[in-house]
Amino acid sequence: MQGNEQTEFKSTVKQWLKSHGLGYRWIAEQCGVSEITVRNWMSQKNIPPLKRQLLERVMVQLPAAPSGNKPAEVGGVSVNASLSLTIQLAPELYNRLAERAMAAGVTMEQFVAQAVTRLLDAPPALKEQKVILPNT
């Protein structure tokens, strides 16, 4: 990749990360390298072709979120959604969820996927229910 192309790609990655509230540590985890390696890529070195392909794929699968999209936080649970769902749990909630998944004989991912599927299949909740009794 030419120097100008590399610079443009790095700029795109930086903007994409900012729009998702992610940082170099996240890239490092996705690419299986250290955060220092990512910082070197972004400041002076070229991003290796295979790592670039990986980043491009991730960026396509998780499009840029609208600006100002902040995670929702309720009772120790933080959720960020943009065609993908990232859930951060307080440690005690994570442990409770892990125990329930283990008791159900499934992985944490399977347990959460099943719960989301149930949410989608559930009928909408009634806001108000009236009971009309016949006149006697």
Side-chain angles (χ1 to χ4, degrees):
M1 180 185 312
Q2 301 297 328
N4 191 32
E5 224 179 312
Q6 185 76 219
T7 301
E8 288 176 23
F9 180 69
K10 290 177 184 182
S11 177
T12 300
V13 169
K14 290 175 185 178
Q15 290 171 351
W16 184 87
L17 288 169
K18 186 176 180 180
S19 76
H20 283 83
L22 301 170
Y24 292 160
R25 178 178 289 154
W26 183 85
I27 292 178
E29 290 169 1
Q30 300 306 303
C31 293
V33 298
S34 71
E35 186 176 348
I36 291 171
T37 298
V38 172
R39 290 187 181 283
N40 286 335
W41 290 345
M42 299 309 247
S43 65
Q44 56 194 5
K45 294 186 178 183
N46 286 337
I47 300 171
L50 291 176
K51 300 303 183 182
R52 179 183 178 198
Q53 289 174 356
L54 175 63
L55 286 172
E56 287 172 338
R57 205 170 307 137
V58 169
M59 290 167 57
V60 167
Q61 291 176 355
L62 187 62
S67 61
N69 185 20
K70 303 216 179 200
E73 295 187 26
V74 178
V77 179
S78 175
V79 177
N80 190 3
S82 176
L83 295 181
S84 171
L85 188 62
T86 302
I87 303 171
Q88 292 181 328
L89 301 171
E92 63 275 4
L93 295 178
Y94 181 89
N95 292 335
R96 286 176 51 197
L97 192 59
E99 288 172 8
R100 288 194 181 182
M102 187 182 301
V106 296
T107 65
M108 176 85 79
E109 291 82 1
Q110 290 168 326
F111 191 72
V112 172
Q114 290 168 358
V116 168
T117 300
R118 284 192 303 273
L119 286 171
L120 294 172
D121 291 341
L126 295 175
K127 291 185 179 177
E128 185 177 316
Q129 185 174 0
K130 293 182 180 181
V131 177
I132 301 175
L133 299 174
N135 292 337
T136 56

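Because the structure is predicted, anything quoted here is derived from the model rather than measured.
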Check: Ser19 and Gln15 side chains under 4.5 Å, non-hydrogen atoms: no

Stepwise salt bridge (Lys or Arg N to Asp or Glu O under 4.0 Å) test for Arg25 and Glu29: CA-CA 6 Å; Arg25 178 178 289 154; Glu29 290 169 1; 5.3 Å; no

Residues Arg96 and Glu92 bridged, charged N to O under 4.0 Å: no

Gap between atom CD of Gln110 and atom OG1 of Thr117 - 0.5 Å precision: 11.5 Å

Donor-acceptor pair, side chain of Lys10 and main chain of Trp41, under 3.5 angstrom: yes

Lys45 atom NZ, neighbour heavy-atom count above 12 within 6.0 Å: no

Atom pair CE/CG of Met108 and Leu89 - distance to nearest 0.5 Å: 7.0 Å

Within one Ile-Leu-Val-Met-Phe-Trp-Tyr cluster: Met102 and Val112, side-chain cutoff 4.5 Å: no

Spacing of Tyr94 atom OH and Leu97 atom CG [to the nearest 0.5 Å]: 8.0 Å

Distance in Å, Met59 CE paired with Phe9 CZ, rounded so as to fall on 0.5 Å steps: 5.5 Å

Lys51 side, atom NZ; Ile27 side, atom CD1 - distance, nearest 0.5 Å: 12.0 Å

Heavy atoms of other groups near Ile36 CD1, more than 12 under 6.0 Å: no

Within one Ile-Leu-Val-Met-Phe-Trp-Tyr cluster: Leu50 and Met42, side-chain cutoff 4.5 Å: no

Expected output: side-chain Thr12 to main-chain Glu8 donor-acceptor under 3.5 Å: yes

Minimum side-chain heavy-atom gap Val13-Leu17 below 4.5 Å: yes

Reported CD-to-CD1 distance for the pair Gln6 and Ile47, which is rounded to 0.5 angstrom: 5.0 Å

